[in-house]
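Numbers here are sequence positions counted from 1. All values reported here derive from a predicted model rather than from experimental measurement.
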Amino acid sequence: MDVELLPAPVDGITMIMTIRWLFVPAVFTLVLAAPLQAAAAGKTPPFDNGPDNQLGLTFSPDGKTAFWGAWNGSWGSSTHARRTIYTSSLQDGTWSRPATAVFSGVYSDDDPFVSPDGEWLYFASDRPMGTGDESRDTNIWRYGLRQQNRPEALSINSASAEYSPVVTGAGTLYFASERNGEQTQGDLYRALPVAEGFSEPELLGPAFNTHTGEWNIWVSANEDEIIFEASSRPTNISVPGDLYYSWHTPAGWTAAIPVSDLNTTGSDLMPRLHPDGELLYYATAEMGGHARIVTTDWRELRTRLRSAYAPLLMVANRSSHEVTFVDLSRAAITSRLQTGKGPHLLSNVANGIVLATGYGEFPKPHNDPVSSRPPFVTSINSRLTVIDVPGQSVLLDTVIDDCLKPHASWIVEQHAYVSCEEEARVRILDPENGRPVGQIDTRQRGSHVLSFEPGSRTLAISNTNSGSVTLADIDSRETRIIELAAGSEGALAIAGHIWVGNAIDGSVSVVDPLTDTVIGHIESVCAFPIAFSMDVQEQVWIACFASAELVAIDPEDFAVQRRFSLDQQPLNLVTHPTRRLAYVSYPRQNAIAEIDLESGQELRRIDVGMEPDGLRWARSSHPRPPINESH
């Protein structure tokens with residue numbers, strides 16, 4: 001990723017360097033990027049060589065007047081010189097020498113931002129709020145760029161510090177504050193425009209604020225993108241501050257993701273966008289060093305950030321009889337593929353395909369969310385649908401011979417395994433044509449969910465009616481039955497063990513397939529534990545349907561680590577492959593929900609189809625545009 005150190009006069013010569021950060025601690029190298037260098041040089045004022053630290057570059061709407069903050073001292077030091085706002089203008093293709101802004105230079109002023117209409121310059125200052133005010137508290141002010149009246153303090157200021165003001169095209173004010181009574185450290189707020197100024201500030205949602213610090217912010221003029229600085233997050237490269245990015249989708253704001261291409265081992269802060277939308281400016285500083293403004297190609301970076309948000313998510317929708325592909329970065333459906341009646345679960349993805357089976361029982365279809373369980377419809381069809389994941393297309397749709405109520409499937413090497421719930425067996429199929437090539441007798445009623453543990457080459461089959469799990473050697477097809485507890489339903493191989501949710505009993509059992517022993521039995525986990533997933537911090541999360549919860553279990557000592565209440569009853573669960581996010585299916589809502597696993601807060605809810613159940617990640621290499629929805 002190319003980032004550019006902006007021009008600074010050195011011994012009378014203006015120098016421009018481009019920095020490509022290598023993401024190894026304390027290591028970087030210099031490279032040349034001529035197109036970006038030329039663009040920045042023409043749009044960017046020459047920064048004064050005097051102050052040690054420069055940050056917060058902002059422009060008038062036409063890009064011909066610039067303001068920024070500057071001050072002397074070491075970054076991170078408690079003692080530093082007064083902060084001053086500087087300005088420069090572009091005339092006849094040449095930027096004027098930087099000068100102190102007419103309203104600045106007496107008090108400590110910082111964080112300038114020009115409103116999109118060019119009417120006001122907002123800034124943070126410790127100037128007194130009135131006669132006799134000696135608090136030196138940092139508050140938000142604004143100065144009229146056209147009328148050039150005296151700076152005026154905003155009504156949103158509190159007894160705590162406010163800073164980093166940004167105003168949108170609609171006049172909404174976003175800012176950071178250390179005011180008490182909300183999250184700890186700094187947090188992000190917004191205040192709507194009203195006749196007298198601004199409304200009472202409101203805290204931004206869980207996509208932004210956490211128990212750690214959130215500070216400097218940039219918001220796009222139409223309020224659909226936000227970049228901000230956050231400190232002390234587990235995903236930070238540096239503790240003092242990294243940049244994070246979130247954007248608005250039809251389902252709400254995405255989880256904020258680190259801007260890893262730009263973040264360094266120092267502080268990265270004060271993001272600002274050039275009015276033409278091409279260049280992103282921000283400041284970077286090592287502790288004990290100095291803050292300098294750098295720039296990068298925003299359009300290229302934005303595309304990269306959004307495409308890396310998450311893989312496509314596939315959802316089995318029981319009552320619309322389809323699998324949908326969901327682009328989470330846009331909260332958009334890219335494909336809807338018809339399956340047999342009532343698909344409940346999806347297999348693992350292997351050899352570029354995923355399987356869906358027509359279970360034949362499903363809730364009565366409902367176009368709108370419902371508050372209670374709909375009556376179930378029976379339409380026995382025993383269909384197998386083989387889906388090309390990269391191509392988002394159906395390769396095969398066929399009937400599975402002698403398999404009533406096929407509920408779950410799993411792909412191991414060149415074979416597909418399908419549980420036949422009414423027949424106490426698993427059919428082994430050739431996924432290319434759907435023809436049976438063998439079977440495994442589970443010897444138990446209600447053979448329900450499948451999962452494969454590769455280390456022991458064991459296929460685990462949960463048996464809901466008998467409260468047990470059948471362990472099958474896929475090579476010899478020999479089976480062993482492990483008695484568990486009432487309603488053994490959800491099953492997943494995790495770290496060499498088989499985790500089983502005993503839905504009726506409310507417990508979770510952990511089985512070692514090498515010794516055929518129950519090595520852990522966790523009583524009273526929740527009501528109706530039904531699905532499992534392990535997150536990036538190696539906690540096992542359990543979706544609890546009846547009690548509408550997510551519960552985290554330590555896989556080492558089997559202790560409950562966290563418990564989050566949900567707004568709806570979750571039927572299935574997957575965790576993000578690289579971030580602390582979970583996605584749960586809400587069948588009654590015809591939606592999936594994105595859950596922050598740090599706070600337990602729901603970030604977004606995305607409509608996907610009728611009565612969603614099974615969830616699987618798709619590793620598609622062929623991104624598609626959203627489809628036009630008709631229902």
Engineer: Would you call E549 and R562 a salt bridge, taking side-chain N to carboxylate O under 4.0 Å as the test?
Structural biologist: no

Engineer: When you look at CZ of R150, are more than 12 heavy atoms from neighbouring residues, nucleotides or ligands closer to it than 6.0 Å?
Structural biologist: no

Engineer: May I ask you to test the I542-C544 pair for a side-chain heavy-atom distance under 4.5 Å?
Structural biologist: yes

Engineer: To the nearest 0.5 Å, what is the distance between CZ (R580) and OG1 (T575)?
Structural biologist: 9.5 Å

Engineer: Using the benzene-type ring in the case of Trp, are the ring centres of F198 and F175 under 6.0 Å apart?
Structural biologist: no

Engineer: For a 4.5 angstrom cut-off between non-hydrogen side-chain atoms, does M270 reach D111?
Structural biologist: yes

Engineer: Answer yes or no: is there a donor N or O on one side and an acceptor on the other, between the side chain of D554 and the main chain of A559, under 3.5 Å?
Structural biologist: no

Engineer: Give the C-alpha distance, both sets of side-chain angles, the deciding distance and a yes or no for salt bridge (charged side-chain N to carboxylate O under 4.0 Å, His left out) between D261 and R304.
Structural biologist: CA-CA 9 Å; D261 283 4; R304 191 157 48 249; 2.7 Å; yes

Engineer: Test ring pair (Phe, Tyr, Trp, His ring centres under 6.0 Å) on F103 and F123; report intermediate values, then the result.
Structural biologist: CA-CA 11 Å; F103 58 86; F123 63 100; 4.8 Å; yes

Engineer: Answer yes or no: are there more than 12 heavy-atom neighbours, outside E152 itself, under 6.0 Å from its atom CD?
Structural biologist: yes

Engineer: Would you please test E286 and T265 for side-chain hydrogen bond (donor to acceptor under 3.5 Å, both in side chains) and show each step?
Structural biologist: CA-CA 7 Å; E286 291 289 343; T265 57; 2.9 Å; yes

Engineer: Do V551 and W541 have side chains that approach each other closer than 4.5 Å (heavy atoms only, starting at C-beta)?
Structural biologist: no

Engineer: Check for a donor-acceptor pair, side chain of R292 on one end and backbone N or O of D52 on the other, with a separation under 3.5 Å.
Structural biologist: yes

Engineer: Hey, does the side chain of N157 reach the backbone of I140 with a donor-acceptor pair shorter than 3.5 angstrom?
Structural biologist: yes

Engineer: Using side-chain contact (heavy atoms from CB on, under 4.5 Å), reason through Y143 and N149 one step at a time and then give a plain yes or no.
Structural biologist: CA-CA 7 Å; Y143 174 76; N149 296 325; over 6 Å; no

Engineer: Roughly how far, to the nearest 0.5 Å, is the CG atom of L188 from the CD1 atom of I217?
Structural biologist: 4.5 Å

Engineer: Do the side chains of R306 and E225 get close enough for a salt bridge, i.e. N-O under 4.0 angstrom?
Structural biologist: yes

Engineer: Please answer whether the main-chain N or O of T303 pairs with a side-chain N or O of S307 as donor and acceptor at a distance below 3.5 Å.
Structural biologist: yes

Engineer: Give me the one residue out of R83, R82, R127 that meets salt bridge (Lys or Arg N to Asp or Glu O under 4.0 Å) with D109.
Structural biologist: R127

Engineer: Could you walk me through whether S115 and D117 pass the side-chain hydrogen bond (donor to acceptor under 3.5 Å, both in side chains) test, one step at a time?
Structural biologist: CA-CA 5 Å; S115 61; D117 60 8; 2.6 Å; yes

Engineer: Any side-chain donor-acceptor pair under 3.5 Å between S238 and D242?
Structural biologist: yes

Engineer: If only atom types and distance count, is the side chain of N216 paired as donor or acceptor with the main-chain N or O of E229 below 3.5 Å?
Structural biologist: no

Engineer: Is the distance from the ring center of W218 to that of Y282 below 6.0 Å?
Structural biologist: no

Engineer: For residues T254 and R604, is any side-chain donor paired with an opposing acceptor at under 3.5 Å?
Structural biologist: no

Engineer: Check for me whether R579 meets the cation-pi criterion with Y309, that is, NZ or CZ under 6.0 Å from the six-membered ring centre and within 45 degrees of the ring axis.
Structural biologist: yes

Engineer: At what distance, to the nearest 0.5 angstrom, does OG of S125 lie from CD of E162?
Structural biologist: 12.5 Å

Engineer: For H290 together with W75, are the ring centres under 6.0 Å from each other?
Structural biologist: no

Engineer: As an exercise, state the distance from OG of S60 to CZ of F67, rounded to the nearest 0.5 Å.
Structural biologist: 7.5 Å

Engineer: Answer whether the closest heavy-atom distance between the side chains of K43 and Y281 falls below 4.5 Å.
Structural biologist: yes

Engineer: If only side-chain N and O atoms count, and only distance matters, is there a donor-acceptor pair under 3.5 Å linking D126 with S108?
Structural biologist: no

Engineer: Hey, does I553 have a side-chain heavy atom less than 4.5 Å from the side chain of Q539?
Structural biologist: no

Engineer: Would a distance-only check, ignoring hydrogens and angles, find a side-chain to backbone donor-acceptor pair under 3.5 Å from S88 to S96?
Structural biologist: yes

Engineer: Just so I know, are the side chains of L173 and V166 near enough to count as touching, which here means a heavy-atom distance under 4.5 Å?
Structural biologist: no

Engineer: Hey, is the main chain of A161 close enough, under 3.5 Å, to the side chain of S177 for a donor-acceptor pair?
Structural biologist: yes

Engineer: Does any donor atom in the side chain of N222 or S220 lie under 3.5 Å from an acceptor atom in the other side chain?
Structural biologist: yes

Engineer: Please check: side-chain N/O of E538 versus main-chain N/O of M534, any donor-acceptor pairing under 3.5 Å?
Structural biologist: no

Engineer: Just how far is it from atom CG of D535 to atom CD of E598, taken to the nearest 0.5 Å?
Structural biologist: 9.0 Å

Engineer: For side-chain contact (heavy atoms from CB on, under 4.5 Å), just list the numbers for T264 and I237, CA-CA rounded to whole Å, side-chain angles, deciding distance to a tenth of an Å, and then say yes or no.
Structural biologist: CA-CA 6 Å; T264 69; I237 295 175; 5.9 Å; no

Engineer: Under the side-chain contact (heavy atoms from CB on, under 4.5 Å) rule, what do I227 and L280 come out as? Steps first, then yes or no, please.
Structural biologist: CA-CA 10 Å; I227 308 173; L280 175 70; 3.9 Å; yes

Engineer: Please name the pair of heavy atoms, one in P45 and one in L57, separated by the smallest distance, quoted to 0.1 Å.
Structural biologist: CG-CD1, 4.2 Å

Engineer: What are the two closest heavy atoms between T65 and S89, and how far apart are they?
Structural biologist: OG1-OG, 3.8 Å

Engineer: For the rings on F208 and Y244, is their centre-to-centre separation under 6.0 Å?
Structural biologist: no

Engineer: Do I85 and W68 have side chains that approach each other closer than 4.5 Å (heavy atoms only, starting at C-beta)?
Structural biologist: no

Engineer: Show me the pairs that pass side-chain hydrogen bond (donor to acceptor under 3.5 Å, both in side chains) and involve residues 192-206, at least two apart or across chains.
Structural biologist: R190-E202

Engineer: Could you measure the distance from the OG1 atom of T58 to the CG atom of L121? Nearest 0.5 Å is fine.
Structural biologist: 6.5 Å

Engineer: Suppose we call two aromatic rings close when their centres sit under 6.0 Å apart. Are Y107 and W141 close by that rule?
Structural biologist: no

Engineer: What I'd like to find out is whether the side chain of P271 reaches to under 4.5 Å of the side chain of F228, using heavy atoms alone.
Structural biologist: no

Engineer: Looking at every heavy atom in both T84 and T100, which two are closest together, and how far apart are they?
Structural biologist: CG2-CG2, 3.6 Å

Engineer: I would like to know whether I595 and V584 meet side-chain contact (heavy atoms from CB on, under 4.5 Å); could you show each step before the answer?
Structural biologist: CA-CA 8 Å; I595 308 295; V584 296; 4.3 Å; yes

Engineer: Which atoms form the tightest heavy-atom contact between G118 and R146, and what is the distance?
Structural biologist: O-NE, 3.9 Å

Engineer: Which heavy atom of L55 sits nearest to which heavy atom of W71, and what is that distance?
Structural biologist: CD2-NE1, 3.8 Å

Engineer: Looking only at non-hydrogen atoms, find the nearest pair between A255 and L603 and report the distance.
Structural biologist: CB-CD1, 3.5 Å

